2 protein chains.
Amino acid sequence: MSHRHQTVLAASFEPVRGQRLSTMIVEQLQSAIFSGAIAEGSRLPPERELMARFEASRASVQEAVHILERTGLVVIRRGAAGGAFVTRPDFLKIGSMLKLMLQANRFALGELYEARLLIEPGGAEIAARLATTEDISNLRATIQFHREIPADMPSPIGRNFHYLLACITANPLISMLVSSLLGVAQAYRLQQPLATRSERLLAHEQITDAMEARDGVLARQILETHLRCLLRQAQQS
Amino acid sequence: MSHRHQTVLAASFEPVRGQRLSTMIVEQLQSAIFSGAIAEGSRLPPERELMARFEASRASVQEAVHILERTGLVVIRRGAAGGAFVTRPDFLKIGSMLKLMLQANRFALGELYEARLLIEPGGAEIAARLATTEDISNLRATIQFHREIPADMPSPIGRNFHYLLACITANPLISMLVSSLLGVAQAYRLQQPLATRSERLLAHEQITDAMEARDGVLARQILETHLRCLLRQAQQS
DNA sequence: TCCGTCTAAATGTCAGACATTTGGTAGGTA
DNA sequence: TACCTACCAAATGTCTGACATTTAGACGGA
């Protein structure tokens with residue numbers, strides 16, 4: 001056993017050096033979840049049973065399940081009827097994770113606005129087509145909300161005008177992407193707010209007006225101008 | 001000790017129910033990394049030492065470090081001079097995680113194209129401004145590559161026309177978003193390819209031609225038309 | 001009916017051991 | 001000197017078995 005390196009010209013050159021056990025378990029569970037073999041809301045087998053199935057220690061199994069929870073694929077409840085329940089990662093959680101990782105690479109602020117400029121104006125146009133009167137009044141309420149709270153208080157994402165706008169598109173992919181970008185933006189903005197509050201509120205109001213008039217093109221233009229202005233400022237600083 | 005629930009009107013109502021140990025360790029290490037207290041490229045203390053610092057078991061510490069690795073914040077090397085080295089998550093890795101989470105929510109194919117329609121045409125316009133002759137020949141090489149490989153063989157992301165296009169924007173945020181969306185798209189496309197190969201290749205060639213002519217608007221239009229056509233098909237099916 | 005209490009199932013954590021990987025070092029040999 | 005080999009030590013990977021904690025539900029008494 002001590003002469004493993006004197007291998008006698010093995011037929012297969014594949015190293016197949018196993019990954020970490022927990023990683024492989026994660027992958028198997030993931031594909032089981034994606035394939036629908038484990039339905040949403042149902043419970044994964046308890047750890048002891050997974051141990052037996054994967055022929056791994058509890059530590060490895062547990063780490064795998066914890067990673068799944070961190071990814072947002074399951075929630076773990078302790079106690080008698082507890083366990084790991086398959087769930088759907090809500091896109092706020094996804095956004096916050098993305099934000100975290102974006103934060104690690106330090107992007108230029110300009111790059112951020114450039115990306116927003118790609119998504120949001122087009123999103124506004126779609127939103128204008130779909131907005132209900134309730135959506136509109138939601139937007140107005142948010143504007144009012146921001147008018148009242150102190151400027152230094154960061155507002156929750158649910159009260160963010162741009163996020164609400166994205167949600168109106170009824171395309172979860174879009175709202176997710178926007179919420180991620182906004183999360184990154186927030187981390188930057190704490191350092192240096194680019195637009196004055198009144199400028200921002202004015203733009204938001206104009207956009208809402210345009211949407212109420214069902215003028216998608218106008219809404220798009222205003223948002224585009226607004227963001228492009230911020231982009232220029234960001235590139236200068 | 002068995003009457004814990006008869007708490008005598010605690011002064012603080014905060015449950016402060018401790019999170020998982022590994023989670024708290026992850027957070028501390030993360031903020032240490034983000035703050036720069038642990039420089040990029042340097043090594044985290046070995047597990048035994050982290051055990052002592054956090055007063056936790058090796059299992060907890062190890063799980064935390066593994067999670068950091070999964071997040072892309074460190075790479076772990078085994079062996080003598082091994083350990084967890086602080087690194088920067090490259091955006092392909094981030095993109096793949098985003099893709100994973102997008103995949104978990106099952107989107108309609110139409111929503112996917114709608115999102116791509118927001119990002120990619122604008123991205124193409126930016127790319128047309130910045131493309132070098134080398135970029136152009138890269139694009140052509142990719143088209144040729146796809147012309148030659150069998151249709152059923154999935155191509156690597158580095159050979160994906162749309163991804164290359166996004167990379168030319170020189171905005172890592174954009175390439176990341178696009179690569180994520182493409183990843184999701186790939187999972188779908190295995191089921192049903194919407195565009196015929198010749199249609200796709202033709203569109204790609206036209207876009208490249210437009211970029212070579214520095215006609216950003218045209219490149220944008222072609223890509224937009226192409227995607228919008230696919231979107232319509234997706235909505236019908 | 002409304003409580004407390006107990007129980008069992010499940011996760012959370014720990015300690016210690018052994019296995020594996022891998023860089024470096026010391027020594028021998030051409 | 002240059003190269004190869006064997007060995008060592010540091011570090012992560014994994015397992016085992018135990019104990020701690022949480023919590024839903026069952027059981028029973030006022």
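Protein chains get the first letters and strands the later ones, always in sequence-line order, with residue 1 at the start of each. All of these numbers come straight from a predicted model, not from anything done at the bench. In what follows, every heavy atom counts, from backbone to side chain, and hydrogens, waters and symmetry copies are set aside.
At C:dC14, one or more side-chain N or O atoms of B:Ser60 fall inside 4.0 Å of OP1 or OP2 (strictly under the cut-off). Contact check, A:Arg78 against D:dT21: no side-chain N or O comes under 4.0 Å of OP1 or OP2.
Listed nucleotides: C:dG12, C:dG23, D:dG13. Nearest to the side chain of A:Ile76: C:dG12.
Looking at heavy-atom distances under 4.0 Å, B:Arg58 makes contact with a base.
Counting heavy-atom neighbours within 6.0 Å of A:Glu134 CD, excluding the residue itself, gives a total of 12 or less.
Rounded to whole angstrom, the span from the CZ atom of A:Phe85 across to the P atom of D:dA24 amounts to 10 Å. Nucleotide D:dG13 holds its P atom 17 Å from the CD atom of A:Gln62, rounded to whole Å. Rounded to an integer number of Å, the gap from B:Ile25 CD1 to C:dG12 P is 14 Å. A:Leu21 places its CG atom 12 Å from the P atom of C:dT21, with the value rounded to the nearest Å. Note: CG (B:Leu50) to P (C:dC14) measures 14 Å, nearest angstrom.
Closest-nucleotide positions on DNA chain D for A:Ser57 and B:Ala84 were compared, and the one nearer the 5' end corresponds to B:Ala84.
A donor-acceptor pair under 3.5 Å is formed between the side chain of A:Ser35 and the backbone N or O of A:Ser31.
Closest approach of B:Gly41 and B:Phe85 over heavy atoms only: O-CD2, 3.6 Å.
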